[in-house]
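Before any comments, here is the structure.
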Amino acid sequence: MQIITSPKEFQSLCWSWRAQGVTSAFVPTMGYLHQGHLSLLEWGRSNAQKLAASIFVNPTQFGPGEDLSRYPRDAEGDAAKARDAGVDVLFMPEPAAMYPSGFATSVSVSGLTGGLCGRSRPGHFDGVAVVVTKLLMLSMPTTAVFGQKDWQQLAVIRRMVADLDIPVAIEGRPILREDDGLALSSRNVYLTPEERAQAPEIHKGLLLAREMAADGERSPRKVLAAVADHYRAKLPGASVDYIECVHPETIQPVGDVAGPALLAVAVKFSGARLIDNMLLH
Ligand code: AMP
C-alpha cells in the first residue's frame with residue numbers, strides 16, 4: 001500500500017488509473033477506522049480494480065467549540081487496517097496542503113442542508129461539500145463510497161455530484177452496529193462507561209418508531225413523541241439535539257410516515273454528540 005500526502009501526487013496516480021480504463025473505488029474518512037469504515041473498504045475492494053482511501057480530519061466541517069482538536073486519531077493503526085483491507089493508496093494530507101493560504105472557494109448545497117445536522121451545526125455541510133468536491137476532483141474514482149450512518153451527508157453529496165456533473169458514481173452502504181445496536185462511530189470513544197451502557201437506547205428508540213409505522217401509525221407527530229418519551233426515560237444523562245421524520249432524499253419533514261420516511265436523531269452526551277437514523281419501512 002502506498003501512502004501519499006501530496007494532493008498533486010495522489011491526483012496523478014488516481015487519474016492515471018482512469019486514463020488506463022482501470023475501475024477504482026474511493027473511500028473518504030476522518031480516520032480512527034472501525035468496522036463501519038472497513039465495510040466501505042470491503043465494498044470497494046470487491047467492486048473495483050483499484051481501491052483508494054483518505055484520512056483527513058477536515059477542519060472546515062467543524063464549528064467553533066466542536067471537537068476538532070480532540071478528534072481521535074491513530075495514523076499508524078489506521079494505515080495497518082487500511083493495508084489489511086487491501087487499500088492500494090492511502091491519502092493522508094495535512095490541512096495546509098488541502099487549504100493553502102489564499103484558499104477562497106466555498107461549495108454550498110441548499111435545501112437539504114437546512115434541517116437536522118445542518119440546523120445544529122451551521123456551516124458543517126459547506127465544509128463537507130468543499131472537501132468532498134476536492135477529494136473527488138483529486139481521486140476521480142469510478143465510485144465513491146459513503147455510509148448511510150451520515151444519511152444527510154450522503155443525500156447532500158448525491159445532490160452535489162448530480163448538480164455539478166461530477167462523473168463519479170455514489171454508493172451508500174448500510175450502518176454497521178455493535179451487537180447491542182449502537183451505531184459504530186469514531187466518537188463512541190468519548191462516551192463514559194455509564195453513557196456507553198445507555199447509548200444502545202438510541203437505536204432502540206428507532207426500532208420503536210419502525211414498529212409503530214409497521215403497525216399502521218401514520219402520524220409523524222405521534223412517532224416522534226414516542227421516541228422522545230423513550231429517550232427521556234432511557235437516556236437520563238443525555239440531551240436530545242433533534243428527532244425528526246424527513247423524506248430520505250429531500251431531507252424535508254414528512255406529513256405522513258406511510259410513504260418514504262427517514263427517522264433521524266442526534267443525541268448529546270457529556271463528551272460526544274451521536275447521530276443515528278432508520279428508514280421507517
Ligand atoms: P467518518 O470517518 O466518520 O467521517 O466516516 C467516514 C465514512 O464512513 C462516512 O461515509 C460514514 O458515513 C461512514 N461510516 C461511519 N460510521 C459508519 C457505520 N457505523 N457504518 C457504516 N458506515 C459508517
Side-chain angles (χ1 to χ4, degrees), residues 25-47 51-63 66-68 70-75 77-79 81-82 85 87 90-93 95 98 112 116-117 121 124-125 127-136 139 141 143-161 168-191 196 199-200 202-203 206 248 251 262 264-267 272-279:
F26 171 57
V27 179
T29 80
M30 297 206 299
Y32 212 68
L33 300 182
H34 52 65
Q35 202 56 44
H37 298 116
L38 299 185
S39 72
L40 307 185
L41 294 174
E42 275 160 31
W43 187 92
R45 189 63 285 165
S46 325
N47 288 276
L51 177 58
S54 63
I55 294 178
F56 180 59
V57 181
N58 173 38
T60 63
Q61 71 188 69
F62 289 77
E66 291 188 354
D67 56 347
L68 173 62
R70 63 187 182 100
Y71 195 83
R73 293 164 205 248
D74 178 14
D78 284 348
K81 286 177 190 167
V87 170
L90 182 61
F91 178 49
M92 303 174 83
M98 290 293 275
L112 296 80
L116 309 185
C117 290
R121 302 183 70 188
H124 169 68
F125 285 114
V128 169
V130 78
V131 81
V132 172
T133 301
K134 280 180 68 84
L135 289 168
L136 294 183
S139 58
T143 309
V145 193
F146 297 86
Q148 293 171 356
K149 156 98 176 350
D150 299 270
W151 187 287
Q152 186 178 19
Q153 167 176 284
L154 178 57
V156 168
I157 289 166
R158 285 191 195 284
R159 181 77 261 162
M160 179 183 86
V161 162
V168 169
I170 301 298
E171 174 72 18
R173 302 299 304 158
I175 302 176
L176 256 82
R177 300 179 179 281
E178 302 280 6
D179 290 342
D180 59 15
L182 176 63
L184 292 172
S185 165
S186 307
R187 290 188 167 98
N188 290 348
V189 293
Y190 296 146
L191 298 173
R196 176 63 190 82
I202 299 173
H203 178 238
L206 300 179
I251 317 293
L262 179 85
V265 303
V267 175
R273 177 181 169 282
L274 302 184
I275 56 171
D276 204 344
N277 68 76
M278 189 175 280
L279 289 170

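Counting starts at 1 for both ligands and their atoms, in listed order. Note that the structure is a prediction, hence the values are computed from the model and not measured.
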Specify side chain, backbone, both or neither for Ser186, according to which of its non-hydrogen atoms lie closer than 4.0 Å to ligand 1.
->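 It is neither part, as no heavy atom is under 4.0 Å.
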
Which bit of Gln35 is near ligand 1, meaning a heavy atom under 4.0 Å away: side chain, backbone, both or neither?
->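 Neither part.
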
Spell out, as yes or no, whether a donor-acceptor pair under 3.5 Å connects the side chain of [X] to the backbone of [Y].
X      : Y      : result
Asp150 : Gln153 : no
Asp276 : Val265 : no
Thr143 : Ile170 : no
His203 : Pro200 : no
Asn47  : Ala25  : no

Close N or O approach ([X], ligand 1; < 3.5 Å):
X      : value
Phe146 : no
Arg173 : no
Leu176 : yes
Val145 : no

May I ask you to identify the nearest protein heavy atom to [atom], giving residue, atom name and distance to one decimal place in Å?
atom                    : value
atom 12 (O) of ligand 1 : Asp150 OD2, 2.6 Å
atom 4 (O) of ligand 1  : Met30 CG, 3.6 Å
atom 22 (N) of ligand 1 : Gly147 CA, 3.6 Å
atom 1 (P) of ligand 1  : His37 NE2, 3.6 Å
atom 15 (C) of ligand 1 : His34 CE1, 3.9 Å
atom 23 (C) of ligand 1 : Lys149 CB, 4.0 Å

Considering only heavy atoms of [X], which atoms of ligand 1 have at least one such atom less than 4.0 Å away?
X      : result
Pro174 : 20 (N), 21 (C)
Leu184 : 16 (N), 17 (C), 18 (C), 19 (N)
Pro28  : 6 (C), 7 (C)
Leu40  : 7 (C), 8 (O), 10 (O), 13 (C)
Thr29  : 2 (O), 6 (C)

Taking all non-hydrogen atoms of both residues, which atom of [X] and which atom of [Y] are closest, and how far apart?
X      : Y      : value
Phe146 : Leu154 : CB-CD1, 3.8 Å
Pro72  : Ser186 : CG-O, 3.6 Å
Arg187 : Asp67  : NE-OD2, 2.7 Å

Nearest neighbour of atom 3 (O) of ligand 1 from the list Tyr71, Tyr32, Trp151, on a heavy-atom basis |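 That would be Tyr71.
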
Run the side-chain contact (heavy atoms from CB on, under 4.5 Å) check on Leu182 and Arg196 step by step: do they pass?
-> CA-CA 9 Å; Leu182 176 63; Arg196 176 63 190 82; 3.5 Å; yes

Has Arg70 got its NZ or CZ under 6.0 Å from the middle of the six-membered ring of Tyr190, at an angle within 45 degrees of the ring axis?
->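 Geometry flag: set, cation within 6.0 Å and 45°.
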
How far does OG of Ser185 sit from CG of Leu176, to the nearest 0.5 angstrom?
->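 Here the interatomic distance stands at 12.5 Å.
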
